[in-house]
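Just below is one structure, and these are the notes that go with it.
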Protein chains: 2
Amino acid sequence: MPRVRLVDVAQRAGVSMKTVSNVVHNHPHVAPELRARVQAVIDDLGYRPNLTARRLATGRTGMIALAMPEIDHPYFAELSRRIAEEATRRGYRVLIEQTLSQDDAEHAVLRDREEGLVDGVIFQPVRMGTLEIARLDHDTPLVLLGESASPVTTDHVMIDNVAAARDAVRHLLALGRTRVAFAAVVADDITGSTNRRLVGYQEALVEADAPLTPDLVFSSPDFSPEGGAASVRRAIDTGVAFDALLCRDDKFALGALKALADAGLRVPEDVAVIGWDDTQLASYTSPTLTSVSPDKTALAEVALELLLERIGGHQGPGRHRIVPHTIAVRQSAPYR
Amino acid sequence: MPRVRLVDVAQRAGVSMKTVSNVVHNHPHVAPELRARVQAVIDDLGYRPNLTARRLATGRTGMIALAMPEIDHPYFAELSRRIAEEATRRGYRVLIEQTLSQDDAEHAVLRDREEGLVDGVIFQPVRMGTLEIARLDHDTPLVLLGESASPVTTDHVMIDNVAAARDAVRHLLALGRTRVAFAAVVADDITGSTNRRLVGYQEALVEADAPLTPDLVFSSPDFSPEGGAASVRRAIDTGVAFDALLCRDDKFALGALKALADAGLRVPEDVAVIGWDDTQLASYTSPTLTSVSPDKTALAEVALELLLERIGGHQGPGRHRIVPHTIAVRQSAPYR
DNA sequence: CCACGGGTTTACAGCGCTGTACATTGAGGA
DNA sequence: TCCTCAATGTACAGCGCTGTAAACCCGTGG
């Protein structure tokens with residue numbers, strides 16, 4: 001059964017296609033009785049606008065792409081949800097893309113983008129750095145998230161990771177802890193995020209004249225919780241003394257909590273622990289997890305704001321926005 | 001700067017638009033030297049096909065919609081990832097939609113679908129039941145997931161929740177546990193999933209002639225881990241005797257583990273616990289969580305398979321597919 | 001030598017809607 | 001009575017690509 005088109009409605013109602021289009025879009029300056037008659041025909045025929053045709057005519061898709069490393073990573077899943085909800089509020093749909101932190105896939109996000117797929121892209125690169133992104137010749141409106149790249153030519157939204165790491169370490173020191181460890185660095189994969197968090201970690205220890213030694217920076221083979229657990233186990237086994245732990249992210253924190261429990265170390269009594277990302281699971285670990293909390297709603301809102309301005313035609317240098325963070329204080333590193 | 005179109009390439013190369021289209025699509029029967037000449041012009045001008053125009057011409061979008069209750073729910077996030085990966089393998093892109101388990105939003109997934117947005121939909125309803133979905137007059141290719149609806153007119157993929165619940169309870173009984181509780185029913189919201197899992201829970205207890213009393217079915221105000229924790233706390237406080245726990249999902253299991261730990265009850269020594277969904281966090285709870293494990297890869301593959309057949313024109317009654325499940329055995333309810 | 005079939009390329013209409021420019025009409029004010 | 005402006009509706013080209021049918025040419029077989 002052929003699809004009902006605008007021209008079909010127009011013919012049945014005895015008006016032009018443009019008039020039907022005006023009614024569909026609630027255009028002013030349509031005589032009330034004509035509007036009613038056209039609407040009755042629309043309802044009667046069950047006419048629904050064809051979005052593909054509309055997009056061709058307007059040059060707009062009404063969609064944005066959201067390219068994340070892993071869509072089921074708790075932090076990315078939560079951030080994606082907020083972006084999707086904000087996009088929906090602003091009348092956009094979200095096409096999800098997963099890069100699995102792979103070079104090729106990240107390059108493809110921008111380089112191989114076809115025309116007429118989306119109006120703009122929100123992209124959290126892991127591999128691609130500032131120069132790589134700056135060098136890509138693309139004209140798709142783009143906003144970056146994360147910490148791996150910050151070209152002056154592209155809009156970018158993030159929290160101040162250095163400051164957030166400093167705040168987290170200060171919180172641990174304020175609890176009277178003196179030997180703060182970092183879990184963990186992935187030896188062959190020191191990403192932008194890891195770097196900035198390490199900077200803040202070191203700044204806070206230096207500022208407090210607290211111990212800062214290489215053995216306090218744990219090493220993991222990968223980014224899994226199990227890797228985090230293994231890094232903490234190894235530190236314990238080799239006799240590293242630490243009474244506090246800043247984890248690179250909540251997954252590492254999960255692993256750390258497990259390794260500490262297995263070793264009979266109580267959290268926070270023996271070791272105070274802070275994670276990062278403040279994902280949902282931070283509230284339900286045992287003990288509940290204190291975590292660096294990026295304002296995900298603000299990340300989403302600002303990213304959408306900047307992207308829609310670019311889609312709307314805004315030109316000019318990249319805008320870099322810092323959104324707030326807090327420390328979500330729970331049992332694993334409580335208030336004093 | 002205006003966009004490079006097919007017609008621009010054709011004019012520069014001195015051929016018809018169709019010839020350029022043939023080259024772009026690697027159509028056979030193009031003279032090699034002509035193909036090379038056209039390709040050189042394509043590269044030189046930086047031509048990229050316009051997908052919106054292509055879609056209008058072909059009537060296909062190359063996209064499917066994936067409508068889930070919550071995109072950051074661990075189980076839905078993992079399932080979404082598998083579906084997205086399988087779709088990508090089959091040359092489709094995924095548009096993510098979130099219904100938040102709301103009636104209106106679920107109805108909108110099908111009823112308000114505009115033409116030319118996607119070629120088909122994979123939908124996990126929570127509210128809409130079999131008759132509601134059967135009554136919706138829609139012609140968008142559709143595959144359902146989950147347990148809330150199974151109309152004979154629509155393709156549907158799921159695990160056998162009754163059998164899986166039975167298997168889980170049997171596992172607990174095989175450990176020598178005698179009083180198996182269920183955590184939890186959400187009093188005002190007994191979904192299709194909850195029902196089927198309760199059926200299997202009861203069948204296994206009746207089959208083993210084990211205690212089956214209303215006080216063994218705990219009640220939660222909502223689906224949060226905290227609700228799950230509260231339901232277990234209340235049971236303990238009111239003196240309900242139980243030595244095993246089947247949780248409705250991993251979130252409830254998270255809450256249960258916490259409540260048991262808070263009450264000084266050891267898992268699995270004092271209470272053996274099984275969750276459901278086998279999400280990533282099941283491996284990192286303390287103790288690690290035994291969990292009913294739907295074969296998410298199979299769910300994704302079968303759903304995509306059925307959907308693409310519908311998109312390809314397949315007619316006929318709804319096909320209902322059961323995919324396998326296992327019990328992912330970990331510390332919280334180990335092998336005997 | 002002719003006919004047929006396959007390789008190769010082109011012409012053109014259509015997919016379905018929107019933006020723009022233009023035509024018409026009526027009301028109000030000078 | 002005339003002019004101006006706003007309301008209202010329409011005509012039409014274009015957005016950019018694809019499918020289909022047709023034209024042309026060449027090779028092979030009868």
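A note on names: the letters A, B, ... follow the listed sequences, proteins ahead of strands, and every chain is numbered from 1.
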Query raised in the report: Going through the checks in order, is the side chain to side chain contact (heavy atoms under 4.5 Å, CB included) test met by A/Ser148 and A/Arg127?
Result: CA-CA 7 Å; A/Ser148 79; A/Arg127 295 282 164 259; over 6 Å; no
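Within a 6.0 Å radius of CG in B/Asp104, no more than 12 heavy atoms belonging to other residues, nucleotides or ligands are found.
Against DNA chain D, the stretch residues 14-27 of chain B makes heavy-atom approaches under 4.0 Å through B/Met17, B/Lys18, B/Ser21, B/His25.
Residues passing the side-chain contact (heavy atoms from CB on, under 4.5 Å) test with A/Pro49, sequence neighbours excluded: A/Val24, A/Tyr47, A/Arg54.
The residue among A/Thr58 and B/Arg54 whose nearest nucleotide of DNA chain D is located toward the 5' end is A/Thr58.
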Scan nucleotides 23-26 of chain D against the protein and return all N/O pairs shorter than 3.5 Å with their distances rounded to 0.1 Å.
none

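Here the side chains of B/Val15 and B/Val20 are in contact, with some heavy-atom distance below 4.5 Å.
Among the nucleotides D/dG16, C/dG7, C/dC17, the one closest to any side-chain atom of A/Leu56 is D/dG16. When distances run from any side-chain atom of B/Leu6 to the nucleotides D/dT18, D/dG14, C/dT9, the shortest one goes to D/dT18.
When heavy atoms are screened at a 4.0 angstrom cut-off, B/Pro28 is found touching no nucleic acid atom at all. Looking at heavy-atom distances under 4.0 Å, A/Leu34 makes contact with sugar-phosphate atoms alone, never a base.
A distance of 7.5 Å separates CG of B/Asp103 from CE of B/Met128, quoted to the nearest 0.5 Å.
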